[in-house]
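Below, read A as the first sequence line, B as the second, and so on, with proteins coming before strands; counting in each chain starts at 1.
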There are 2 protein chains.
Amino acid sequence: MLSYTEENYLKIIFILSYPTAKEISTNDIAKNLNINAASVSDMLKKLKQKNLIDYAKYQGVSLTQEGRKIAVNIIRKHRLWETFLVNTLNFSWDEVHDIAEQLEHIQSNLLIEKLYQFLGFPKFDPHGEPIPDENGTFPETKDWICLNSCKKQQKIEVKSITDDSSDLLQHLDKISVNIGVKIEVIEKNSYDKSIDVLINDIKQCTLSKEISEKIYGVLLD
Amino acid sequence: MLSYTEENYLKIIFILSYPTAKEISTNDIAKNLNINAASVSDMLKKLKQKNLIDYAKYQGVSLTQEGRKIAVNIIRKHRLWETFLVNTLNFSWDEVHDIAEQLEHIQSNLLIEKLYQFLGFPKFDPHGEPIPDENGTFPETKDWICLNSCKKQQKIEVKSITDDSSDLLQHLDKISVNIGVKIEVIEKNSYDKSIDVLINDIKQCTLSKEISEKIYGVLLD
DNA sequence: TTTATTTTTTAGGCTTATCTAAAAAATATT
DNA sequence: AATATTTTTTAGATAAGCCTAAAAAATAAA
Ligand SMILES: [Mn+2]
Ligand SMILES: [Mn+2]
Ligand SMILES: [Mn+2]
Ligand SMILES: [Mn+2]
């Protein structure tokens, strides 16, 4: 049985390396968990000891088979709980991430099985993030592209927001961006990498790089 | 913000003193939490420091206003989650206690409000235990009596089982005792304090003291 | 009312997860 | 290639929550 802390380390290593499975630096983990790099070094030693990560001093870190399995299960639980909170309890999509951060650590396979069934075997969470199935397999998303990478005049249907922070999601609500809307690139501004877009063929606005790189969708036309 | 551990101490102090609010001993807490009495002494000092308990060395412990409020909220969450697990996710009543022990520590007032509403403002959990409302008020149960205290030929309708352990609940399933059944006392055996009973006017069996003292109900006729 | 037993507290340790400061290694710059 | 900067690790501390062993207080028994 792992501690919440250990689970959070495995989860963040997975997320930072997804989908490439590349090696992650001590500093990246430290920044993302808001802890000191020295503490991360300590924990990496411990996780290596438990055979959950591949790690050699100064060489970065990656998950072992076993570590990946645990990380994916935490992510599965997180996203199923977010789906429950929005679909069943009528939370809005910007309110659920912090609660799911807690719920993802509840230990019970039966609970997750039953929740999964109750929710109707969902494949994506309220932010469009893919929910791995009971074998750890993620639903297909390879035709999704980043809005940020679209050329002028290309148009996408939004499939996912890759950041659940309430700040961002509330901002997206304000400009009427949610899962399913169509966004067309009107202009690309090279100076600050922002883009001018048309949302659902009606509303025009400018999206900063920070925002556009978190929106993914499928190309239309 | 309290730790899970602190919350568990407050909860067990409440439960051990309910409904009398009498003083609780260090040893009682230690036995119930499966920890050493020395550890309990340490924690009591800390909880007193935080004004959550009234405590003087060697004199037993009781909850302050503030401590009681927190304890009742944990119990409310525990029982609402058990209700959710049984009513919504189709768990059986013997499977839910350990999961609720984890879920009761999830921090979010909004979550509990929404869960409460989703479940239809339940007053009792799957074991018949009263669920305090948002103000900490417990539903009325003062006409409930313990099966153990019934005289020969008295008959009750079961309202609650005051122990959620799966061992006991599975045993009760086996002898067809659940919430709502009628139990009549046929004979009281003074030697071991066991009683012979008739369940739903059909099935006769003997209940040990350990079992009969955990069954509560309302007197019939 | 002494003495014995039980309960509770204190003293001193251990583990986990964190920190700061300093050392070591890797990387970037001149 | 030598030096400066950044990244990572080690060393040494701390707080929470637990432990065992021993001391102190309360309670029960003689
Ligand atoms: Mn999330
Ligand atoms: Mn999400
Ligand atoms: Mn319970
Ligand atoms: Mn219960």
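- In the model, D196(B) has a side-chain atom that pairs as donor or acceptor with a side-chain atom of T206(B) under 3.5 Å.
- Note on ring orientation: taking the six-membered ring where Trp is involved, the planes of W93(A) and H127(A) are parallel (angle under 30°, cut-offs 30° and 60°).
- In the set dT18(C), dT10(C), dC18(D), dC18(D) carries the atom at the smallest distance from any side-chain atom of Y9(B).
- Closest contact between the side chain of D42(B) and the listed nucleotides dT10(C), dA26(C), dA21(C) involves dT10(C).
- DNA chain C is contacted by both I35(A) and T26(B); T26(B) maps to the nucleotide lying nearer its 5′ end (nearest heavy atom per residue).
- Distance CG (L44(A)) to P (dT8(D)): 10 Å, rounded to an integer number of Å.
- In this structure, the CG atom of L2(B) is 13 Å from the C1' atom of dA16(D), given to the nearest Å.
- For Y58(A), whose side chain is taken as the heavy atoms from C-beta onward, the closest listed nucleotide among dC18(D), dT9(D), dT7(C) is dT9(D).
- Comparing atom distances between the M43(B) side chain and each of dC18(D), dC19(C), dT20(D) picks out dC18(D) as nearest.
- Nearest to the side chain of K57(B), among dC19(D), dT9(C), dT10(D), sits dT9(C).
- Between F118(A) and F118(B), the ring planes lie perpendicular to each other; the angle is over 60°, past the 30° to 60° tilted range.
- Across dT8(D), dC18(D), dT10(C), the shortest atom-to-atom separation from the side chain of A38(B) is found for dT10(C).
- Here H97(A) and H78(A) bring their ring centres to under 6.0 angstrom of each other.
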